[in-house]
Amino acid sequence: MRGTGVPLVTPFDGDGELDTERLRELVGWIEDRGVDFLVPCGSNSEAELMGLEERARVTEIVAEAADGPVLAGTGHPGLRETLRQTELAADAGADAALVVTPFYYDHDDDDLEAYYREVADESPIPIYLYSVPVFTGVALAPEVVGRLASHDNVVGMKDSSGDLGGFQRTLALTADESFDLLEGSGNVYAHALASGADGGVLGLANIAPERATEIYRLHVGGDDAAARQLNARLLELNRTAAIEHGVPGTKAAMRERGAPAGYVRRPHTELGAAAEAEIAELVGDATP
């Protein structure tokens, strides 16, 4: 996967049920704005609030509706569930699987490496590692990533640590492999691209897919200064909507733009009027 990917939100209706029609519409809304690939069932998708079969259904709908590649989130805290989810994602039409680090219990580097090797050995589709310590408390060490990158079925990683130093070390340790390193933090997207990232999977791209894609296009065109300037224009929107208010903030910002984002699933709750007004103003300042 290269370019800008979107960790697609999952539209639910007012009762918290999957809104399949809005999900299909959302795929078109996002793709019409120039992104390179879609990522259902990730952190922004409220995947941890869905069961195995429901996640597979979301992946199936996205794969059917999408024109571009689909990288489906399949990670669970346990190996058996991850293997089953990955198999279901492959059957649903996903091109590759994004596997978050096991969480809840503590695991050392040897455990994590062995886990990913077993997932990659068993998976019928290519595996992307996913490190998101803000949610899991687990950060994949660059040395572990470097060793896993030599596995034939481990083809890349989404790094949502926001640690550019660690990102650059991972780049160096995977340089001899065919390995896509993707930035997961919208705040440092342009900087990661300038450091050698192959693209990104950005929660911000749900709200401003045109802008996120433009950052990548500016980088490819050799204008990293302009890419950084555009990235800076989006910082406040990303901080307030996506980071401070999480999924409810992201969906509120998307609805402000007319996107069929739907509503959140409990225990998430919708934002109050003051927060929605603040986000609406930021959306107006930062998007077309």
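The basis for the numbers below is simple: all heavy atoms, side chains too, and nothing from hydrogens, waters or symmetry mates. Numbers here are sequence positions counted from 1.
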S.K.: Quick one: which of N206, L271, I207, V9 gives a side chain to side chain contact (heavy atoms under 4.5 Å, CB included) with K251?
M.R.: V9
S.K.: Taking 4.0 angstrom as the limit, do R57 and E60 come out as a salt bridge?
M.R.: yes
S.K.: Would you say the side-chain atoms of E113 pair up with the backbone N or O of R147, donor to acceptor, closer than 3.5 Å?
M.R.: no
S.K.: Quick check: does any side chain N or O of E270 sit under 3.5 Å from a backbone N or O of V264, one acting as donor and the other as acceptor?
M.R.: yes
S.K.: Looking at N238, N231, T4, which one forms a side-chain hydrogen bond (donor to acceptor under 3.5 Å, both in side chains) with Y189?
M.R.: T4
S.K.: In terms of side-chain heavy atoms, does S185 have a donor or acceptor partner in N187 at a distance below 3.5 Å?
M.R.: no
S.K.: So do the side chains of S161 and L140 get within less than 4.5 Å of each other, counting heavy atoms only?
M.R.: no
S.K.: Is any side-chain heavy atom of Y115 closer than 4.5 Å to one of T101?
M.R.: no
S.K.: With under 30° as parallel and over 60° as perpendicular, where do the rings of H107 and Y105 fit, or are they tilted in between?
M.R.: perpendicular
S.K.: Do H151 and Y116 have side chains that get closer than 4.5 Å, going by heavy atoms?
M.R.: no
S.K.: Carefully, step by step, assess R239 and E236 under the rule salt bridge (charged side-chain N to carboxylate O under 4.0 Å, His left out).
M.R.: CA-CA 5 Å; R239 184 194 68 80; E236 195 60 27; 2.6 Å; yes
S.K.: Carefully, step by step, assess R55 and E81 under the rule salt bridge (charged side-chain N to carboxylate O under 4.0 Å, His left out).
M.R.: CA-CA 12 Å; R55 281 205 214 181; E81 292 82 3; over 6 Å; no
S.K.: Given salt bridge (charged side-chain N to carboxylate O under 4.0 Å, His left out), test R2 with D180 step by step and report yes or no.
M.R.: CA-CA 7 Å; R2 301 292 176 97; D180 302 331; 2.9 Å; yes
S.K.: Take atom CG of D108 as the centre, draw a 6.0 Å sphere, and report whether it contains more than 12 heavy atoms from other residues, nucleotides or ligands.
M.R.: yes
S.K.: So which of I127, L112, L129 actually passes side chain to side chain contact (heavy atoms under 4.5 Å, CB included) with L148?
M.R.: L129
S.K.: When clusters are formed from ILVMFWY side-chain contacts under 4.5 Å, directly or step by step, what else is grouped with L88?
M.R.: L52
S.K.: Does a salt bridge link R22 with E25, judged by any charged N lying under 4.0 Å from a carboxylate O?
M.R.: no
S.K.: Between OG1 of T287 and CZ of R211, what distance do you get to the nearest 0.5 Å?
M.R.: 7.5 Å
S.K.: Please determine whether the number of non-hydrogen atoms from other residues, nucleotides or ligands lying under 6.0 Å from atom CD of E244 exceeds 12.
M.R.: yes
S.K.: Decide whether S195 and Q168 meet the rule of one side-chain donor and one side-chain acceptor closer than 3.5 Å.
M.R.: yes
S.K.: Can you tell me how far CG of L49 sits from CZ of R266, rounded to the nearest 0.5 angstrom?
M.R.: 11.5 Å
S.K.: Determine whether a donor-acceptor pair (N or O, by modelled atom type, separation under 3.5 Å) exists between the side chain of R255 and the backbone of G262.
M.R.: yes
S.K.: For the residue pair L234 and A286, what are the closest heavy atoms and their distance?
M.R.: CD2-O, 3.6 Å
S.K.: Where do E210 and R257 land on the salt bridge (charged side-chain N to carboxylate O under 4.0 Å, His left out) test, with the steps shown first?
M.R.: CA-CA 12 Å; E210 310 96 327; R257 295 208 61 204; 2.8 Å; yes
S.K.: Nearest 0.5 Å, please: how far is CG in D224 from CZ in R228?
M.R.: 5.5 Å
S.K.: Looking at L83, is its backbone amide N or carbonyl O close enough to the side chain of E122 to form a donor-acceptor pair, meaning the two atoms are under 3.5 Å apart?
M.R.: no
